[in-house]
Amino acid sequence: MKLYSTNNINNIVELKEAVFKGLPEDNGLYMPVNIPVLPDAFINNLNSFSFSEIAFEITKNLFKGYISEEDITSIIENSITFPAPIVSLSKDTHILELFHGPSLAFKDFGARFMAQLMSHFNKEETKELVILVATSGDTGGAVAAGFYKTPGIKVIILYPSGKVSPLQEKQLTTLGHNISALEVDGTFDDCQALVKKAFLDQELRSQIRISSANSINISRLIPQSFYYFEAFKQLENKENVSFVIPSGNFGNLTAGLFAHKMGLPVHQFIAATNLNNIVPSYLNSGEYNPKPSVRTISNAMDVGNPSNFARMKDIFSQALTDDGFTWNNMKTMIKGFSFDDAQTKEAVKEVYETYNYTIDPHGAIGYLAFKEYKKSNPNANGVILETAHPSKFLADMESILNKKIDIPERLAKLSNETKIANFINTEYDPFKKLLLDKYC
Ligand SMILES: *Cc1c(COP(=O)(O)O)cnc(C)c1O
């Protein structure tokens, strides 16, 4: 599998390099040179494939000639280990539950697949690999769980101090072994900036083999396309299917676009955001204006400059066309809506009272977006991605619904564990020094 950089289509690398590098030197993002259209025999017969068979078929088509079918089977068996069930609220409003993995968020799919793929390629290497990951909450927990005790790989998680929930923090800071945490006195964007800077620092990279685990890594996106097929399979009515994606860095939505390119008959994508509405406003105006992120109760989507926007633009552009063309293409396929915290809380209540379903604040924004979209598209058949389990946002959920929320056992037991983290500020040089002191 070959990939190019969104900043230079002639900058082509092999999968292994893209997976370990994360980000090309020219600061673009890797995109597959060829996204294969899957055979009709597969797409029209999804019902006869299990979830892991769907994952296998997609991966096989992408990695053909690069990774043996036997190794692909092992990668899938060790990463796609939990289901992605649809719960229907009504005949045209469905919830895709993506929180059945170890960290209770959809990011488990990407993190586990990436860990398996890196571990596959790492067998050929002698030098230790250090994974740097900035998290606004959920990425870190998923990556930590995904890489825990993977031989030859260390993980360093950067998270914004005070801006992740107490249980999320426990997920990042209590595993130990090959996982360590840096608590940054700043925002998620500051964390992401530190990581990006480290990647562009040739001097650092000559001394430490580093890689990324953010949604910018292509190996995170590939498995996120699996569950679009898995969801589609479960729908009785396969007409007019809209996927509604609560979005921050837009990795999940980009993975949906990949699934569409592979031939999944999606009618519409709906980008749902909180007040960090950079993409919905681009879809409305044609102008892309990144801003500092603002804090909301759907904190995993508090992103002011979505990193996967470059990939989205790439998907909808063609060589030698202007930006207006890209915009037109994108706004046809993707509708965008954004909502504030008050609306989010109302939606959590409404879903509970109307359907007796407990939806988390991120999923609630998806619910609102679909409701809004449906006003002008009454035939829409929506699949709302429920990106995390409500218990991950315990305090907010309990105060909104005024009832106790059940915490799954795998999360509950973390509250007794001790947090271990290094506190750092947002300056690059001390961060770099710490990396060199600790990992060189
Ligand atoms: C990461 C995350 C999102 C945003 O996903 P992106 O792929 O960055 O757009 C939404 N909801 C939850 C719960 C998340 O953890």
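Remember, it's 1-based here, ligands and their atoms both numbered in the order they're listed.
Taking a cutoff of 4.0 Å between a charged side-chain nitrogen and a carboxylate oxygen, Lys335 and Glu372 do not qualify as a salt bridge. The residues Glu14 and Lys2 are annotated as salt-bridged, a charged nitrogen and a carboxylate oxygen being separated by less than 4.0 angstrom. Checked for salt-bridge contact, Lys419 and Glu183 meet the test: a charged N lies under 4.0 Å from a carboxylate O. Asp360 has no carboxylate O lying under 4.0 Å from a charged side-chain N of Lys392, or vice versa, which leaves the two without a salt bridge.
For ligand 1, the atoms closer than 4.0 angstrom to any heavy atom of Ser247 are 9 (O). Near Pro246, with a cut-off below 4.0 Å to any heavy atom, the atoms of ligand 1 are 4 (C), 10 (C). With ligand atoms numbered from 1 in the order given, ligand 1 contributes 10 (C) to contacts under 4.0 Å with heavy atoms of Met301. For ligand 1, the atoms sitting less than 4.0 Å from at least one non-hydrogen atom of Asn252 are 7 (O), numbered in the order shown with element in parentheses. Atoms of ligand 1 lying under 4.0 Å from any heavy atom of Asn249, numbered from 1 in the order shown and given with element: 6 (P), 8 (O), 9 (O).
On a distance-only criterion, Gln224 and ligand 1 share no N/O pair closer than 3.5 Å. Annotation: Gly251 places an N or O atom under 3.5 Å from an N or O atom of ligand 1; distance criterion only. Considering backbone and side-chain atoms together, Phe250 places an N or O closer than 3.5 Å to an N or O of ligand 1.
Residue nearest to atom 3 (C) of ligand 1, selected from Lys107, His362, Lys392: Lys107 (by heavy-atom distance). For atom 4 (C) of ligand 1, the nearest non-hydrogen atom from the set Gly248, Pro306, Ser103 belongs to Gly248.
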Verdict with supporting geometry, His389 and Phe99, ring-ring contact (aromatic ring centres under 6.0 Å, His included): CA-CA 5 Å; His389 191 279; Phe99 54 67; 4.9 Å; yes
Set out, in order, the CA-CA distance, both residues' side-chain angles and the distance that settles ring-ring contact (aromatic ring centres under 6.0 Å, His included) for Phe309 and Tyr288, then state yes or no. CA-CA 10 Å; Phe309 187 70; Tyr288 187 72; 4.0 Å; yes
Does the pair His260 and Tyr228 meet the rule for a ring-ring contact (aromatic ring centres under 6.0 Å, His included), with working shown? CA-CA 9 Å; His260 184 235; Tyr228 286 90; over 10 Å; no
